[in-house]
Asker: 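My questions will all concern the structure given below.
Residue numbers count from 1 along this sequence.
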Amino acid sequence: WPIIAYHFEQAQDWPRALEHAMRAGRHAASSHAHGTALELFTAAQRVAARGELPLHEGLSELQGDSHSALGHYPQAVAAYEHQLERTVDA
């Protein structure tokens, strides 16, 4: 999925790039590759911004989970707070 996400991003097919970046990020996180997951979730944010797409629901929580697993607690708290803000605003 990461390679597919990259190619869709290069082709500016934003919806597909976003879908595959999220899939790849979730797969990496479920495989305990949290550094890779964070890179892919960041790519998903970039793609959403470039394609003017809404951020995937739960993206900040997934980022927080990966930051927490890596011991990046301040970043995890910030990601969780961002997710909470998005949830309250919805």
Side-chain angles (χ1 to χ4, degrees):
W1 291 307
I3 297 297
I4 295 170
Y6 171 80
H7 286 290
F8 278 130
E9 184 177 1
Q10 294 304 303
Q12 297 182 4
D13 187 338
W14 308 122
R16 287 183 178 171
L18 178 59
E19 174 189 346
H20 288 283
M22 289 300 300
R23 280 187 186 182
R26 280 195 210 95
H27 183 265
S30 71
S31 301
H32 305 283
H34 295 286
T36 300
L38 284 171
E39 291 174 14
L40 291 161
F41 294 143
T42 299
Q45 282 182 310
R46 180 181 62 246
V47 165
R50 292 185 71 196
E52 298 179 357
L53 302 171
L55 284 177
H56 187 276
E57 187 175 317
L59 174 59
S60 294
E61 183 176 1
L62 292 168
Q63 290 174 313
D65 293 345
S66 288
H67 277 301
S68 181
L70 292 169
H72 304 157
Y73 300 117
Q75 295 93 328
V77 169
Y80 291 136
E81 287 175 344
H82 186 259
Q83 183 64 46
L84 181 61
E85 289 171 11
R86 291 187 68 219
T87 303
V88 170
D89 291 339

Asker: Search all heavy atoms of R86 against all heavy atoms of L55 and return the closest pair with its distance.
Answerer: NH2-O, 3.3 Å
Asker: Can you sort out the partners of A79 under side-chain contact (heavy atoms from CB on, under 4.5 Å), two or more places apart, ordered by chain and number?
Answerer: Q63
Asker: Can you name the side-chain hydrogen bond (donor to acceptor under 3.5 Å, both in side chains) partners of R50, sequence neighbours left out?
Answerer: none
Asker: Is it true that L59 and L18 fall in one hydrophobic cluster, defined by side-chain heavy atoms closer than 4.5 Å?
Answerer: yes
Asker: Closest heavy-atom contact between G35 and L70?
Answerer: N-CD1, 3.8 Å
Asker: Can you list everything that forms a side-chain hydrogen bond (donor to acceptor under 3.5 Å, both in side chains) with H82? Sequence neighbours excluded, please.
Answerer: S60
Asker: Applying ring-ring contact (aromatic ring centres under 6.0 Å, His included) as the test, list every pair that has at least one member in residues 40-67; sequence neighbours left out.
Answerer: H67-H72
Asker: Just jot down the side-chain hydrogen bond (donor to acceptor under 3.5 Å, both in side chains) partners of E19, sequence neighbours excluded, or say none.
Answerer: R23
Asker: Measuring from D13:CG to H7:NE2, what's the distance to the nearest 0.5 Å?
Answerer: 13.0 Å
Asker: Is there a side chain to side chain contact (heavy atoms under 4.5 Å, CB included) between H20 and M22? Walk through the geometry before answering.
Answerer: CA-CA 5 Å; H20 288 283; M22 289 300 300; over 6 Å; no
Asker: Please step through side chain to side chain contact (heavy atoms under 4.5 Å, CB included) for the pair E9 and R16, ending with a clear verdict.
Answerer: CA-CA 8 Å; E9 184 177 1; R16 287 183 178 171; over 6 Å; no
Asker: What distance separates Y80 OH from E85 CD, expressed to the nearest 0.5 Å?
Answerer: 15.5 Å
Asker: Is there a continuous path of hydrophobic side-chain contacts, each under 4.5 Å between heavy atoms, that joins Y6 to L53?
Answerer: no
Asker: Would you find a donor on one side and an acceptor on the other, under 3.5 Å apart, between the side chain of S68 and the backbone of G64?
Answerer: no
Asker: Kindly compute the distance separating OG (S66) from NE2 (H32), expressed to the nearest 0.5 Å.
Answerer: 11.0 Å
Asker: Check whether more than 12 heavy atoms from other residues, nucleotides or ligands sit under 6.0 Å from atom CD of E52, and answer yes or no.
Answerer: no
Asker: State which residues pass side-chain contact (heavy atoms from CB on, under 4.5 Å) with A28; sequence neighbours excluded, sorted by chain then number.
Answerer: A33, T36, A37, L40
